[in-house]
Amino acid sequence: MDRGTERDAPPGHRAGPGTGPADPVTGRVPLAVVVVDREGLVSHWSRGAGRLFALPKEEAIGRPAPDLLPVSGALPGERGDDDSAYGAYADHGGLGPGLESSLDGRLSYPSAGRARLTVPAGARVDVLWWAYPLVGPGPERLLVLAADADGLRRDHADGSTGASVVERIAPGFALHTDFPGADELARRLPEILPSMSVGESARIVAQILELGYPVLEFSQSDRVPVTPDWGVPRRAERRARRELAARALAAGEPVPDELRDEAEDLEYAAVRERLEFLNEVSGAIGTSLDLARTVVEVSRAVVPRFTDVAGTYLREQVVAGEGFPDGVPDTTTMWHRVALEHTDEPGRWDDVVPVGEAMPFPAHTPFFQCMTSGEPVLVPRITEEMGHAIASQFEKRDIRPLITGRSMLLVPLKARQVVLGFMILLRHPERPVFNDMDRVTGAELAARAGLVLDNARMYTHQENVAETLQDSMLPRIPARMAGCDIATRYLPGTLLGRVGGDWFDAVKLPGARTALVVGDVMGHGLGSAAMMGQLRTAVQTMAGLDLPPAQLLRNLDDLAQRLGDTHLATCLYAVYDPVAGELHLANAGHIPPVLVRAEDGASELIDLPTGAPIGVGGVPFESVRVPVAPGDRLVMCTDGLVEVRGEDIGVGLATLCESAAHPAASMDDACDTIIRALGTRGGRKDDVALLMARLTGIEPDAVVEWSLARDPAEVGRARAAVREQLHDWGLPKLVGPAELMVSELVTNAVRHSHARPVALRLVRADTLLCEVDDDDHDLPALRSAGPEDEAGRGLRVVSTLARAWGASRTNAGKTAWFELTLPARHR
């Protein structure tokens, strides 16, 4: 800053006492720059300061700042003849009490002012000054700027001054000093001018260092933290009247007639400033529907311009995205502290009032009054007694030093006549207390913020409902079923919300078989999700009846026709038989599955008849059988994974085959590999359902079959065969229940079979499975047998002893079966 003050005075310009002239071409104004460290000592004293205060740098560095910067009032007889033109400012022979408060560390926010200065030479200088507190790890605490107002008057020949002066002086002040902390201050320039980017700051600093002269003006619209009174001597009298009118308005006293115009001007200016503030706040909040981000935006919008501390509390249900009962909050209502912004030193509030804490508020507190009345509550000053009452709510934490003596304004955050939360606004004791106009401003601010928060709350609630609905419709598939390991993934759509019509499922079938299903209802939203839920339930039911794949899709298509013609769906249905080592598949308009061979790691799309989507009606479905080997992997997914707008679906299918064949340590890793390869591509908007099954099969020696004649004597042979086989498998503990249940099922089969022999099969997989086949199509039913009944107890025994049991029809008749849990070492 100093280089700009060393120019020779141009012709025709008079240098003010102790200062250099203003540049008539560029409008540069010489500034005095003083930096005060945390000990109150001067750590930087510019040449401009030496001229303005008539003290060289060598004598100023290291001395107490209050000794060098005149802040006291003028002594009697020291004022010049023209002091009356300065009105109230004529009483000060120094820079005034505002600077004294800044030097003492009593002000934590920027301040500014104007006063008449008596320099040692006896001359009087009209001075504008700024004081900026410095926050950070460095030793500097305060930056003080001062300028001769005569330079401003010469710069504005018409006598006008304004914000352009601020743009020429204030923005560049921290960059043009040569004290050790200059680099740190340069990095903080965006904090003083929030609209300035870090890049812009770095550019300006680089220019100064390279060219050696300051940047005193640049094209950027900004609001400096504080603006002093820019009046000039010929307007001092009107300014004095404005001050008298302002005092009367602040005190609520009648305004004299001769001050009526000034009072009206002040009221108009105040209202305009409030409206500008509210307009700026409205533009700063509500940039997203994320509740947490909205809360932070609301808090930051009011600090430090309107208040020094802003704490935001929301009802517990609002934070959780839930609904809450109607009515006024009470002393049991829990309030979460969701945000806290302040201008105090970093960390001062964190331990005492941490964000995330939940607490109720007693009935006698102003907080309770605000939340129950829905109206702002103004406390001009928090007394020691009130501070003690408030602090009593915080166990083992003394909050009194943070709040006592401060002005407090509580504003409710309301929407549709419901109180969602409230804000606690506190001002430092040095700032003016909140008044009635602040109360109105705060109420309007809270009303706008409340609507934004309520929109975010409802959006969060709808997201939670959609997520819960979607999760409830997706099955909980065990990682291991008979003869296969299964892993799944579901990714919600990114365009139209989290609810969609994609689903997957795995259904346990008789004979140690497993049905694997993937489907996709076309469209998005709740309607598609509801249709998906109905179709998924229908598939589970029909799979339990052991319908062949083509017949199941045929029945599903008929059901969709009965449910209405507004939805179509694709579906891929596969039945894996680990004993036979084959897949039985049918397709209804779905993309084909991928089969990865364990022998060589090759992958291929299974060639299936495409079929028409479910809901078209009147079309046939075909099925195919595909032999598989132990270790082969089947990958089934919905088209949202492979289809991207503007790209041929063949590209996605090829990528699916390639990524599915990639070696992986586990099934979950294999799924993640596919998702990384396909799910993160740009342009994906649809839901994704992915199901992968590793077909481990069942070893031949784990399956044993017997053919039994239609003779009651065969029941004993069946018991003996089962007993012997279980001992061979090392399962002696299962012999007793298995013998008893086999006896009951074989007895029923022998009694009801017609021509064919009865078949008995034991399968040792993840459970011990026993199946009994006969040629009778009537399914057995569980009945209640009385004391005199001779029949009806067999299935009751099976139902009691078995882990699971059931019966299903087959082409040749029926199969009755039961399962027993294997000991842990055999699983």
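Index from 1, following the sequence.
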Expected output: side-chain R141 to main-chain L103 donor-acceptor under 3.5 Å: yes
Residues at least two apart in sequence or cross-chain that pass salt bridge (Lys or Arg N to Asp or Glu O under 4.0 Å) with D505, listed by chain then number, are R536
Once you round to the nearest 0.5 Å, how far does CD1 of I390 lie from CD1 of I382? 4.5 Å
Full working for side chain to side chain contact (heavy atoms under 4.5 Å, CB included) between V379 and V433: CA-CA 9 Å; V379 180; V433 299; over 6 Å; no
Can you list the steps and then say if R337 with V353 is a side chain to side chain contact (heavy atoms under 4.5 Å, CB included)? CA-CA 8 Å; R337 188 182 304 109; V353 284; 3.7 Å; yes
Does W349 have any side chain to side chain donor-acceptor pair (under 3.5 Å) partners at least two apart in sequence or in another chain, and if so, which? D344
Just by modelled atom types, is the M386 backbone N or O under 3.5 Å from a matching donor or acceptor in the T383 side chain? yes
For S666 and D669, what are the C-alpha separation, side-chain angles and deciding distance, and is it a side chain to side chain donor-acceptor pair (under 3.5 Å)? CA-CA 5 Å; S666 66; D669 290 342; 3.3 Å; yes
Sequence neighbours excluded, the answer for salt bridge (Lys or Arg N to Asp or Glu O under 4.0 Å) partners of D672 is R489
Strictly distance-based, threshold 3.5 Å: is any side-chain N or O of T541 a donor or acceptor partner for the main-chain N or O of T537? yes
Could you tell me which residues satisfy ring pair (Phe, Tyr, Trp, His ring centres under 6.0 Å) with F367, sequence neighbours excluded, listed by chain and number? F361
Please check: side-chain N/O of T307 versus main-chain N/O of L426, any donor-acceptor pairing under 3.5 Å? yes
State, to 0.1 Å, how close D308 and H428 come at their nearest heavy-atom pair, and which atoms those are. OD2-N, 2.7 Å
Only counting residues at least two apart or in another chain, list the ones meeting side-chain contact (heavy atoms from CB on, under 4.5 Å) with P401. D398
Going by the rule salt bridge (Lys or Arg N to Asp or Glu O under 4.0 Å), which residues pair with R381 if we only count those two or more places apart in sequence or in a different chain? none
Start with the C-alpha distance between I424 and Y313, add both sets of side-chain angles, then the distance that settles side chain to side chain contact (heavy atoms under 4.5 Å, CB included), and finish with yes or no. CA-CA 8 Å; I424 301 177; Y313 290 75; 3.5 Å; yes
Distance check, rounded to the nearest 0.5 Å: T343 atom OG1 versus R427 atom CZ? 11.5 Å
Exactly one candidate in L563, L559, V539 meets side chain to side chain contact (heavy atoms under 4.5 Å, CB included) with Q534; the answer is L563
Do W335 and F422 have ring centres separated by under 6.0 Å? yes
